[in-house]
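Heads up: the structure comes next, in C-alpha cells.
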There are 4 protein chains.
Amino acid sequence: MNIKTANQKQQKQALIANTALKMFAETNFYDISINSIAAASGVAKGTVFNYFKTKENIFMHLLLVGYQDFFTQTISQFNENKITDLNGLKDFLLSNTEDLIDNHLTLIKLNVLRGPILEGKASMEETIQGRKYLYQIHERLATDIHNSFAEISVAMANKIFIVQSSIVSGLINLSDLDSFNQQPINNDLSDFTVSIKDDALTTFDCYLTGLFLKLKES
Amino acid sequence: MNIKTANQKQQKQALIANTALKMFAETNFYDISINSIAAASGVAKGTVFNYFKTKENIFMHLLLVGYQDFFTQTISQFNENKITDLNGLKDFLLSNTEDLIDNHLTLIKLNVLRGPILEGKASMEETIQGRKYLYQIHERLATDIHNSFAEISVAMANKIFIVQSSIVSGLINLSDLDSFNQQPINNDLSDFTVSIKDDALTTFDCYLTGLFLKLKES
Amino acid sequence: MNIKTANQKQQKQALIANTALKMFAETNFYDISINSIAAASGVAKGTVFNYFKTKENIFMHLLLVGYQDFFTQTISQFNENKITDLNGLKDFLLSNTEDLIDNHLTLIKLNVLRGPILEGKASMEETIQGRKYLYQIHERLATDIHNSFAEISVAMANKIFIVQSSIVSGLINLSDLDSFNQQPINNDLSDFTVSIKDDALTTFDCYLTGLFLKLKES
Amino acid sequence: MNIKTANQKQQKQALIANTALKMFAETNFYDISINSIAAASGVAKGTVFNYFKTKENIFMHLLLVGYQDFFTQTISQFNENKITDLNGLKDFLLSNTEDLIDNHLTLIKLNVLRGPILEGKASMEETIQGRKYLYQIHERLATDIHNSFAEISVAMANKIFIVQSSIVSGLINLSDLDSFNQQPINNDLSDFTVSIKDDALTTFDCYLTGLFLKLKES
DNA sequence: GATGAATGAGGATTCATTCAT
DNA sequence: GATGAATGAATCCTCATTCAT
C-alpha cells in the first residue's frame with residue numbers, strides 16, 4: 001500500500017528527528033548536513049524534505065516536542081509527589097534538574113540555536129503553534145505549583161523553570177574551559193573546571209534557597 | 001610608511017576585530033562573512049587575513065581580550081571599593097553584572113561559539129597563551145576577594161564569576177521566547193518574557209543570597 | 001528518471017572526465033578550473049563534485065583508467081600478432097609506441113602530475129585500488145611477452161614499458177625548445193627541435209636494439 | 001653606501017635563486033610561495049620582486065643558468081679526457097649522466113615546468129637571450145664531440161644530450177609507482193620500482209649502444 | 001511517498017604583485 | 001635598494017533545496 005497511515009508518517013518523521021537529535025548531541029549544528037541525517041536515518045535526502053520543509057524545522061521541531069515532553073512528564077511527577085513544603089519543592093526541582101541534565105541535555109543545547117539560527121529559516125506558523133502548545137503545558141505546570149504553594153505566583157513558577165534551563169544552558173557554554181578542542185590544557189586549571197551537573201545543581205540550589213528566603217521575608 | 005610600528009599594527013587589528021564584534025552583536029557567526037567584515041572595516045579581504053589567520057581566530061581573539069579587559073577592570077573596581085562585608089560584596093557583584101550586561105553582552109554571546117565552533121579552527125597556541133593570561137587575571141581577582149573575605153576560598157570566588165557569566169549567557173539563550181524572529185507573538189506571553197538584565201540580576205542576587213547563607217551556616 | 005542506472009552514471013562520469021582530458025591536452029592543470037570543466041561539460045559545478053570528490057581525483061581517474069585501457073589493448077594486439085622473433089617484437093613495440101603518441105599523449109602528460117600534485121589530494125583508497133588493477137594488467141602483458149620470449153624476464157618486460165613511457169614523457173618535457181610560449185624563436189634552432197614522435201621512436205628503437213643485443217650476448 | 005655594485009646585486013640575486021632551487025628540490029612549484037622564498041632567503045617579499053619580475057622568472061633563470069653551468073662543465077671535462085673511441089665516449093656520457101643525477105636533479109625537474117608553466121609568465125626577452133646563450137654552449141659541446149668523432153654529426157651530438165635529459169626527466173615522472181604520497185603500498189611491487197639512477201644509466205647505456213651500432217652499420 | 005541527481009549561490013582562504021615610505 | 005602592508009582576483013569545495021521519475 002502506498003498510502004501511509006498518519007501513524008506510519010509520524011514514525012518516519014520521528015525516526016528522522018531522533019537521528020538528528022542523536023547527531024546534535026555530539027556535533028555542531030553547522031557540521032550536521034541533511035545528507036548525513038538522511039544517511040544515518042537510512043532514508044534518501046529527498047525524504048527528509050518530505051517530512052521537514054527546512055533543516056531548521058527539524059531542530060525547531062525537536063526543541064518544541066522535547067520541551068513539551070519534558071514538562072508534561074514534570075507535571076505528572078509533581079502531581080504524584082504530593083509535596084507540602086518549600087524544602088520538598090526545592091528537592092523536587094533539583095531532582096527534576098538532574099533528570100534534565102542526565103536525559104535531555106541536547107534539548108538545552110538546542111536553545112542556543114533557537115533565536116539566532118533556527119527562527120530565521122524555520123516555519124513561523126508551525127513554530128508558533130508548537131510554542132503556544134508548549135506554553136500551555138508550561139503554564140499548567142506553573143499553575144499546579146501555584147495551587148500547592150499560594151505564595152509562589154504562577155509567573156514566579158514559570159520563571160523558576162526558565163532560570164533552570166538558563167543555568168544549565170549557561171554552564172554548558174562555560175564548560176571545557178580547561179581544555180582546547182577536547183584536548184586538556186596541561187596546567188592545573190581545577191578552578192576553571194566546570195562539572196555541568198554538580199555546578200548546575202549547586203547554583204540552582206543556591207538560587208532557590210535565596211528565592212524562597214526572600215519569599216518568606218516579604 | 002609601509003613599515004608599521006607595533007602600535008599601528010595593533011590599531012588596525014583592533015579596527016577589524018571591533019568591527020567584527022559590532023557585527024556579532026546583531027548577527028549570527030555564520031551570517032558574518034569575511035567579506036562583510038572587510039567591507040565594514042574599510043579594508044580589503046586579504047588585509048583581514050594579514051591580521052587573523054582564520055575567521056575563527058578573530059572571534060577567539062575578541063573573546064579572550066574582551067574577558068581580559070573586563071576582569072582587569074573588575075579588579076581595579078574591587079580594590080578601589082574597600083568592601084568590608086558580604087552585603088557590600090553582593091552589591092559590588094551585582095553592579096559588576098549590570099556593567100557586564102550593559103557594556104559587554106557580546107562577550108557573553110561569544111562563549112557559545114567557543115567550544116563547538118571556534119576551537120575547531122582557531123590557532124591552538126595563541127588561544128592557550130591568551131587563555132593562560134586570562135586565567136591569571138581571573139585568579140588574581142579571586143585572590144583579592146579571598147584576601148578580603150577569608151571565608152570565601154579562591155576556588156569559590158572563581159566559581160562565582162563563572163556562574164555570573166553562565167546566568168547571563170543562559171538567559172540570553174532563553175530570551176525572546178515571546179517573539180519569533182524579532183516579531184512579537186500576539187498572545188499575552190508576559191510569563192515567558194525574559195528581560196536579560198532584570199532576570200539576570202534577580203537570579204544572580206538569589207544565587208549569591210543562598211550561597212552566602214550557606215557560607216555562614218557552615 | 002532520477003535514479004540513474006550504474007551505466008548512466010558511468011556515462012556522465014566519463015563525460016566529465018573526458019572533457020577534463022581534452023582540456024588537459026591544451027592547458028596546464030592549474031589553469032583548468034572546476035568551473036571551466038563544468039561549463040565545458042555542460043553541467044553545474046556541483047555535479048562535477050557529485051562524480052569526483054576532488055579536482056585531483058578527476059585526473060587520477062583519467063590516468064589510471066587511461067593506462068588500464070591502453071595496456072589492455074596492447075595485450076590484445078600482442079596476442080593477435082603471433083610474434084616469433086625479437087625483431088618482430090621490436091617492431092611491435094615501436095608501433096605500439098606510435099599508437100601511444102598518436103592517441104594517448106595526454107595520458108603521458110598526466111604522469112607528471114601524479115606524484116607531486118595528484119597524490120596529495122586524490123583519494124588514497126580509490127587510487128591504490130585502481131593502481132593494483134593496473135599493475136595486474138601490466139603484469140599480464142609482461143607475462144605474455146615472457147611466455148613468447150623466454151629470454152625476456154617478466155621484470156624486464158615490465159621495465160620496457162616503463163622506459164617507453166619515460167622516453168615519451170621526457171621528450172614532451174624537452175619539446176618546444178625552439179619556441180617561447182608557442183611563438184617560434186627566429187634563430188635557426190633545428191638542432192634543438194624535438195619531434196616527439198620521431199625522436200621517441202628513434203630513441204626507443206636504439207634502446208631496444210641495445211637491450212636485445214646485451215640479451216643475446218649474455 | 002646605498003648603491004650596490006653589480007657584484008653585490010648578483011650575489012643577492014643568486015641567494016634568492018638558490019634558496020628557491022633548494023625548495024624546489026623538495027616541493028612542488030605551486031606549493032612554493034614568494035613569501036616562503038623571501039622568508040627562507042632572509043629578505044623581504046618586495047626584495048624578491050626587485051630581483052625577479054615574476055615568480056616564473058626565478059625558476060626560468062634557474063633552469064637557464066643551471067644548464068649553462070652544467071654544459072660548460074661538461075665541455076671542460078670532455079676536453080680534459082682526450083677520449084679516442086666510442087666506448088670511451090659512452091663511458092664519458094654515462095659518467096656525465098651520473099653527475100647530472102647526483103648533483104643537478106632539480107635542473108631536470110625544472111624542465112617539466114618550462115613549457116606549460118614558466119613560459120606563460122616569464123619575461124620573453126630575458127628568456128630568449130638566456131636560451132640563445134645556452135644553445136651556443138650546447139652547440140660548442142656538440143662541435144667538440146664532432147671534432148673528435150667525425151661519424152657523430154653536430155646535430156646527433158646535440159640530440160644525445162637532449163635524450164639524456166629526456167630519459168632522466170621521464171624516469172622521474174615514472175618513479176614512486178610503488179608508493180602513494182610517499183607511503184609505500186604494501187603489495188610486492190618490485191617490478192614497478194624505479195631507481196632513477198640505475199634505470200636512467202641502464203636505459204641511456206642501451207640507447208647509446210644501439211645508436212653507436214647503427215652508426216657503425218651505416 | 002521515495003528517491004537521489006542536479007543545481008549554483010556562497011564562503012573561506014591563498015598568493016602574486018604593487019607601491020608608499 | 002629594502003621593506004612589508006594592502007590588495008582583490010581566483011579557486012576549490014559545501015550543502016540546502018528542487019524536482020523529474
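For the numbers below, each heavy atom of this structure counts, side chains included, while hydrogens, waters and symmetry mates do not. Labels below follow one simple rule: chain letters A, B, ... track the order of the sequence lines, proteins then strands, and each chain is numbered from 1.
When the side-chain nitrogen and oxygen atoms of C/Lys53 are compared with OP1 and OP2 of F/dC13, none of them lie within a distance under 4.0 Å.
The two atoms that bring B/Phe24 and B/Thr106 nearest to each other are CE2-O, 3.9 Å, heavy atoms only.
Both C/Asp31 and A/Thr54 lie near DNA chain F, and the one whose nearest nucleotide falls closer to the 5' end is C/Asp31. Heavy-atom nearest nucleotides on DNA chain E were determined for B/Lys121 and for C/Lys12, and the one closer to the 5' end corresponds to C/Lys12.
Distances were taken from every side-chain heavy atom of B/Tyr51 (C-beta onward) to each of F/dA5, F/dA16, E/dA2; the shortest belongs to F/dA5. Ranking F/dG8, E/dT14, F/dA16 by closeness to the B/Phe49 side chain, first place goes to E/dT14. The side chain of C/Ser33 lies closest to F/dC12 when the candidates are F/dC12, F/dT7, E/dG8. In this structure, of F/dC12, F/dT7, F/dT17, it is F/dC12 that holds the atom nearest to the side chain of C/Ile34.
Using a 4.0 Å heavy-atom cutoff across all strands shown, B/Lys55 reaches sugar-phosphate atoms only and no base atom. Nucleic acid contact for B/Thr47: base, since at least one base atom lies under 4.0 Å from a heavy atom of the residue. Within the 4.0 angstrom heavy-atom criterion, no nucleotide atom of any strand lies near C/Ile37. D/Ile32 comes within 4.0 angstrom of the backbone, heavy atoms only, and of no base.
Taking the centre and axis of the six-membered ring of B/Tyr30, the NZ or CZ atom of B/Lys55 falls inside the cone set by 45° and 6.0 Å. The cationic group of A/Lys121 does not satisfy the cation-pi geometry with A/Phe52, failing either the under 6.0 Å distance to the six-membered ring centre or the 45° limit from the ring axis.
Contact annotation: side chain of B/Asn50 to base of F/dA5, donor-acceptor pair absent below 3.5 Å. For D/Lys45 against E/dT17, a side-chain N or O and a base N or O form a donor-acceptor pair under 3.5 Å.
Between the CZ atom of C/Phe52 and the P atom of E/dA5 there is a distance of 14 Å, given to the nearest Å.
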Please test C/Met124 against D/Asn181 for side chain to side chain contact (heavy atoms under 4.5 Å, CB included), starting from the C-alpha separation and ending with a verdict.
-> CA-CA 9 Å; C/Met124 179 165 145; D/Asn181 214 20; over 6 Å; no
When you look at A/Ile108 and B/Asn173, which way does the side chain to side chain contact (heavy atoms under 4.5 Å, CB included) test go after all the steps?
-> CA-CA 9 Å; A/Ile108 301 287; B/Asn173 296 339; over 6 Å; no
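Using N1 to N3 plus N6-O4 or O6-N4 for Watson-Crick, or N1-O2 and O6-N3 for G-U wobble, each under 3.5 Å, E/dT21 pairs with F/dA2.
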